[in-house]
Amino acid sequence: MKEKNRTLVIEGEPRLRLFPVAGLALGKTSLSEPGSDKLFVSLDAAEAAVRVMPLLSGEIALETLKLSGLKANVVRRKDGSMNFSDLAGGKEKAAGKPEEPPNVRIAEVIVEKVQLAYRDEATGQELNVAELNLKTGRLDGQTPGDLSLSARITGKKPDVDLRAQAAGALRFNLGKEEFAFDKFSAQLKGRFDQDTISAEFSAPKVEVTPARASGSEVKGSIQVKGPQRNVDARLLIAAVEGTATALTIPKVSLDLVAAIAGISAKAKIEAAIKANLAKQDLQAEVSGRLDDSTLKAKVGLTNFAPLKANFDASIDRLNADRYIPPDKKDGKGDEPVNLAVLRGKTVSGKVAIGALTALRVKLENVKAEIKLADGKLEVSPHSASLYGGTLAGGFSAEANGNRVQVKENIRNVAVGPLLRDYARKDLLEGRGDITFDVHSAGGTTLTLKRALAGSARIQMK
């Protein structure tokens, strides 16, 4: 402790056992911050014991683990370092084949009255986990053992006050890569920032082994209510089939009713999913309704990280203005534009929309091919029918330099209806052709407008 410049205090006399069970029991114990009398961690009592003979065959047989009254204060300093970094050790493991996890058998775990506090000195954010209690029965890998968990989570920046609890029967075997639980349920209720949250999850029976995976009626729901949002979402996974690495989910359904910042939406979506986790491959067929829109899509992921995906989606009608906040529709003000999100992903696909309304402009038979690779997004070619005429062209956005380019060729458009819908002005009647090829770069919307360059041609009759 001289080397770490910390003070360790153990009240009373520790109890030590060596064989056939190796164990250590402590009374009240505390450890200080480096070079300070401030408390880093303390506990009222702790006891841990494992059987010695199973260790010789690479198995951990935990006879007991009891922990009472643990208090820990974790701090992220202004320089980004943590107040426990001196205890973590500085040596990294040599790269190589990962070790197989040992088989673990647990006779009993009792954790009571644990309090964990986290503080970020740079941002002032605080997060506290209080009243943390965990209790398990025998978890021997053969039969499910009871498990219960409860905790209260509070914090500042943002304000948080949540209570969580979970209960069920658990079985696991790390060596055989097996996992199962029965009659498992979890709840989370309380307040996050200005919103009240209520979330529930239940799974009557789920079993996963390398040879087989199964489950039924897995349900989840979340309700959020507040001054800026009201969300009610319900998820149902009817069944899970296959193996641990090759899963088939015949039916997933999502019911959503949401109102956020003046935007409301109602959706009912169903999907069938096939996933090979070992190969990072996922295929899904999706159908459903979003408000007045009917949608169908096929989605494929051939790599999860970095993302590689493809899709083919069709929508009969879509009013995009329903999902744009009223003060954003006309694009007034100066907003930041950061295209760095385009980096590191590879996506390709097709979209077809029977009728589209965007910024009050009405388009029909919209078709577009979308490609994202090497930090560059291209929506090209795209085409649509527009007020008795046609629109065709391409759009691209590139993370490198935050650049955008638009090429459009609009032919024989009825000018009067277009102006009345888009500009809300009745000034002209007739037909018009518009051709433009413009490009720009910048970090905000106003910078992009000022940097516009290229050519445009308008012909009116």
Side-chain angles (χ1 to χ4, degrees), residues 76 79-82 92 95 98 120 122-123 125 158 260-261 263 265 269 271 273-284 286 290 295 297-315 318 320 323-325 328-329 331-353 356 358-359 366-383 392-408 436-454:
R76 187 176 189 271
D79 62 2
S81 63
M82 306 298 291
E92 295 185 1
D120 190 322
T123 64
Q125 182 185 22
I260 302 174
I263 302 172
I269 307 296
I273 299 172
K274 291 184 178 181
N276 190 317
L277 304 182
K279 296 181 179 180
Q280 295 197 42
D281 180 88
L282 183 147
Q283 305 295 322
V286 183
L290 173 62
L295 60 91
K298 291 183 179 180
V299 180
L301 274 65
T302 55
N303 203 67
F304 299 162
L307 177 67
K308 290 184 180 180
N310 58 79
F311 65 91
D312 191 341
S314 63
I315 306 173
L318 177 64
Y323 313 111
I324 303 175
K328 299 291 185 183
K329 286 184 181 179
K332 296 178 180 178
D334 193 17
E335 300 291 336
V337 177
N338 187 352
L339 300 178
V341 69
L342 301 177
R343 292 193 175 101
K345 305 171 184 67
T346 303
V347 180
S348 63
K350 296 179 180 180
V351 175
I353 305 174
L356 171 65
L359 297 176
V366 179
K367 295 182 180 179
E369 294 186 13
I370 299 171
K371 181 181 178 181
L372 171 60
D374 301 322
K376 184 176 182 179
L377 171 66
E378 296 179 276
V379 185
S380 177
H382 62 249
S383 62
F395 165 83
S396 67
E398 194 170 355
N400 184 21
N402 230 53
R403 296 194 295 264
V404 295
Q405 183 173 17
V406 184
K407 295 181 179 181
E408 295 294 351
F436 57 89
D437 182 353
V438 294
H439 54 86
S440 186
T444 68
T445 52
L446 287 182
T447 303
L448 285 168
K449 290 177 181 178
R450 294 188 183 114
L452 268 178

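Everything numeric in this text was worked out from a predicted model, so none of it was measured. Position 1 is the first residue of the sequence, and the numbers go up from there.
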Hey, does [Y] have a side-chain heavy atom less than 4.5 Å from the side chain of [X]?
X    : Y    : value
V286 : F311 : no
V351 : V366 : no
Q405 : K407 : yes
I370 : V347 : no

What are the two closest heavy atoms between [X] and [Y], and how far apart are they?
X    : Y    : answer
N402 : L339 : OD1-N, 3.0 Å
L290 : A265 : CD1-CB, 4.4 Å
E408 : A392 : OE1-O, 3.3 Å
A441 : G401 : CB-O, 3.7 Å
A320 : L356 : CB-CD1, 4.4 Å
A397 : V404 : CB-CG1, 4.1 Å

Can any side-chain N or O of [X] pair as donor or acceptor with the backbone N or O of [Y] at less than 3.5 Å?
X    : Y    : result
N400 : G375 : no
S380 : G394 : no
N338 : A340 : yes
Q280 : F304 : yes

NZ (K345) with more than 12 external heavy atoms under 6.0 Å: yes
Can you list the residues that meet the side chain to side chain contact (heavy atoms under 4.5 Å, CB included) rule with A278, with sequence neighbours excluded?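 Residues passing side chain to side chain contact (heavy atoms under 4.5 Å, CB included) with A278: T245, N276.
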Please enumerate all residues that pass side chain to side chain contact (heavy atoms under 4.5 Å, CB included) together with K308, with sequence neighbours excluded. T302, N303, T346
Value for NE2 (H439) from OG (S396), rounded to nearest 0.5 Å, stands at 10.5 Å
Measuring from K274:NZ to Q283:CD, what's the distance to the nearest 0.5 Å?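 Separation between the atoms: 9.5 Å.
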Non-neighbouring partners of D120 that pass salt bridge (charged side-chain N to carboxylate O under 4.0 Å, His left out), sequence neighbours left out: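 Partners of D120 by the salt bridge (charged side-chain N to carboxylate O under 4.0 Å, His left out) criterion, ordered by chain and then number, come out as R76.
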Paired with V337, the side-chain contact (heavy atoms from CB on, under 4.5 Å) test is passed by just one of T447, L446, T445, T444, namely T445
